[in-house]
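In what follows, every chain begins at residue 1, and chains take the letters A, B, ... in the order their sequences are listed. Just so it is clear, the model here is predicted, and its values are computed rather than measured.
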Amino acid sequence: MARVLTPRAEDFPRWYQDVIAKAELADNGPVRGTMVIRPTAYSIWERMQADMDARIKATGAENAYFPLFIPESYLKREAQHVEGFSPELAVVTHGGGKQLAEPVVVRPTSETVIGEFMAKWIDSYRDLPLLLNQWANVVRWEMRPRVFLRTTEFLWQEGHTAHATEADARAYTLRIHHEVYERHMRDLLAIPVVPGRKTDRERFAGATSTYTLEGMMGDGKALQMGTSHELGQNFAKAFDIQFSGASGQREYAWTTSWGSSTRMLGGLIMAHGDDNGLRLPPALAPTQALVMVVKESDGSVTTAARALADDLAAAGVRVRLDDRVDTPFGRRAVDAELKGIPLRIEVGPRDLAEGSVTLARRIDGSKSPLKLAAVVGEVTSALEADQKALYEEALARREANTHDVSTLDEAMQVAQTGWARLPWDKVGVDGEAKANESAITVRCLVRPDGSAPGAQDEPGLTAILGRSY
RNA sequence: CGGGGUGUGGCGCAGUUUGGUAGCGCGUCCGCUUUGGGAGCGGAAGGCCGUCGGUUCAAAUCCGGCCACCCCGACCA
């Protein structure tokens, strides 16, 4: 059989590119760093959006939309923020054929515009908390783009909230961190993530605390799959977001922001894919089960296959019928594997003669006969089982590639192929800088009980080090 | 921005050293035979060889400028 994909062990980045092309997920756009998200990938993204959106709303936030263009002067109001973003800004200097009086920035993120409007909308403590979210595209001019993982333009949701107290802002940030992001990634993407705190060095530009969810990819590298930030009163002061408290005093609000993006699609590919292609969690798969007519002679196989597909659809399974019998079976099977379709129900004359079909599972390549009457039940339970199995597999791989060490040197060694865990005080700010020279970063800091640290100088913290995307 | 590399049908490449008017694999289209793991045979379409200029009877090939892209570093969801 001809090789379809570069094996992961041979060249992981190449494999990643191959999968994206062969599974028809995306193409590079005409402008460097941009991407075209093809229907299959977009459909997966829509499912992520739907789930994420529901979770966000469950925390009380509402969707809104702010403009793509931001006055350049806004970005400059928060010192750390400009400093962090200016290298990657796209700036519009002309409009309508004339030079603009003030250049306009294409949003790299929306803290600034939203801050401006929060200031306008918030007068009293009764207006708080103000919980907003928006689904949008943002632009960050990237030097080394990679489809889904780091593109100049990407899609995301960005939440922005304002609170009366620091404690309230923190509680909300952590709620998003755990209840929205961690669960979304665990339950929908089937990716185990480590929720933790970013070191000061890795903190978001303008934030006082940044929390992250780190997932391990198939090659042992880490991917930051979502972040939440406590912005303290930094933006409130820069944009004058003040409110009158219950006792009449004027106070600055405490704001937060949090985002998750199309990068998750890259994480999905790299966390679950194998040498035969994509492996999609059933919860996200545009097609969960493919009913294949293996071979046809008199039309009876197609009729039976169509009836099965109808039954599955009626049971709520996202099913597609593949009756392209003019295309060799092997090609169609390989294609379904490349695209990561969780289940295939192969229907052929031999099966039907015995009143059964063949159930093929993408997750482990297994095939087993199945009585016609049992198909709907088995398919439904197989989808549930595979969703869990993908998670378990990813978790097992992460455990196998994560090692507890006691020195920075050992950590640097371990981080070549996976993650190292060691006491943060064995690393420190200097150790972190040293590791960075070898492209190894402190992915996050965690407390012994798994909760997120309030500061990086808290005693007893564990650091997780690794290479990253 | 520093280091390395590459631009040739949709994709992957050969051809460049030694100039002679473009080829292979895959894919696509048509026909027949096939169809239980990327099928076989026959036929066909598709490229001003990144770009601009120079040398030459003649340039994918030699010379010069420019552009783009890829890989490795510094930045990032």
Under 4.0 Å, counting only non-hydrogen atoms across every strand here, what does [X] touch: a base, just sugar-phosphate, or nothing?
{"X": "Thr327(A)", "result": "base"}
{"X": "Asn436(A)", "result": "sugar-phosphate"}
{"X": "Gly348(A)", "result": "base"}
{"X": "Pro328(A)", "result": "base"}

Return the nucleotide paired to [N]: Watson-Crick means purine N1 to pyrimidine N3 with N6-O4 or O6-N4, wobble means G-U with N1-O2 and O6-N3, both under 3.5 Å.
{"N": "G73(B)", "result": "C1(B)"}
{"N": "C62(B)", "result": "G54(B)"}
{"N": "A68(B)", "result": "U6(B)"}

Subject >> Verify stack between Phe329(A) ring and G37(B) base, 5.5 Å, 30 degrees >> reply: no
Subject >> Residue whose closest nucleotide on RNA chain B lies nearer the 5' end, Pro13(A) versus Thr151(A) >> reply: Pro13(A)
Original post:
Pick the nucleotide of RNA chain B nearest each of Ser438(A) and Glu346(A); which residue has the one closer to the 5' end?
Top reply: Glu346(A)
If we take the [atom1] atom in both [N] and [M], what is their distance in whole Å?
{"N": "G43(B)", "M": "C48(B)", "atom1": "C1'", "result": "27 Å"}
{"N": "G47(B)", "M": "C13(B)", "atom1": "C1'", "result": "14 Å"}
{"N": "U16(B)", "M": "A60(B)", "atom1": "P", "result": "14 Å"}

Subject >> Flag if over 12 foreign heavy atoms under 6.0 Å of CH2, Trp141(A) >> reply: no
Original post:
More than 12 heavy atoms of other residues, nucleotides or ligands under 6.0 Å from CD of Glu62(A): is that the case?
Top reply: no
Subject >> Nucleic acid footprint by protein, nucleotides 27-33 of chain B - heavy-atom cut-off 4.0 Å, B for base, S for sugar-phosphate alone >> reply: S------
Subject >> Ion pair check, Asp51(A) and Arg47(A), cut-off under 4.0 Å >> reply: no
Subject >> ring-ring contact (aromatic ring centres under 6.0 Å, His included) involving His229(A) - partner list, sequence neighbours excluded >> reply: Phe204(A)
**OP:** Establish, for the pair Arg77(A) and Tyr74(A), whether the NZ or CZ atom is under 6.0 angstrom from the six-membered ring centre and no further than 45 degrees off its axis.
**Re:** yes
**OP:** Without swapping roles, check the side chain of Glu142(A) against the backbone of Pro145(A) for a donor-acceptor pair under 3.5 Å.
**Re:** no
Subject >> Closest to the Lys295(A) side chain, choosing from A77(B), G37(B), U35(B) >> reply: U35(B)
Original post:
Side chains of Leu268(A) and Met48(A): does their closest heavy-atom pair fall under 4.5 Å?
Top reply: yes
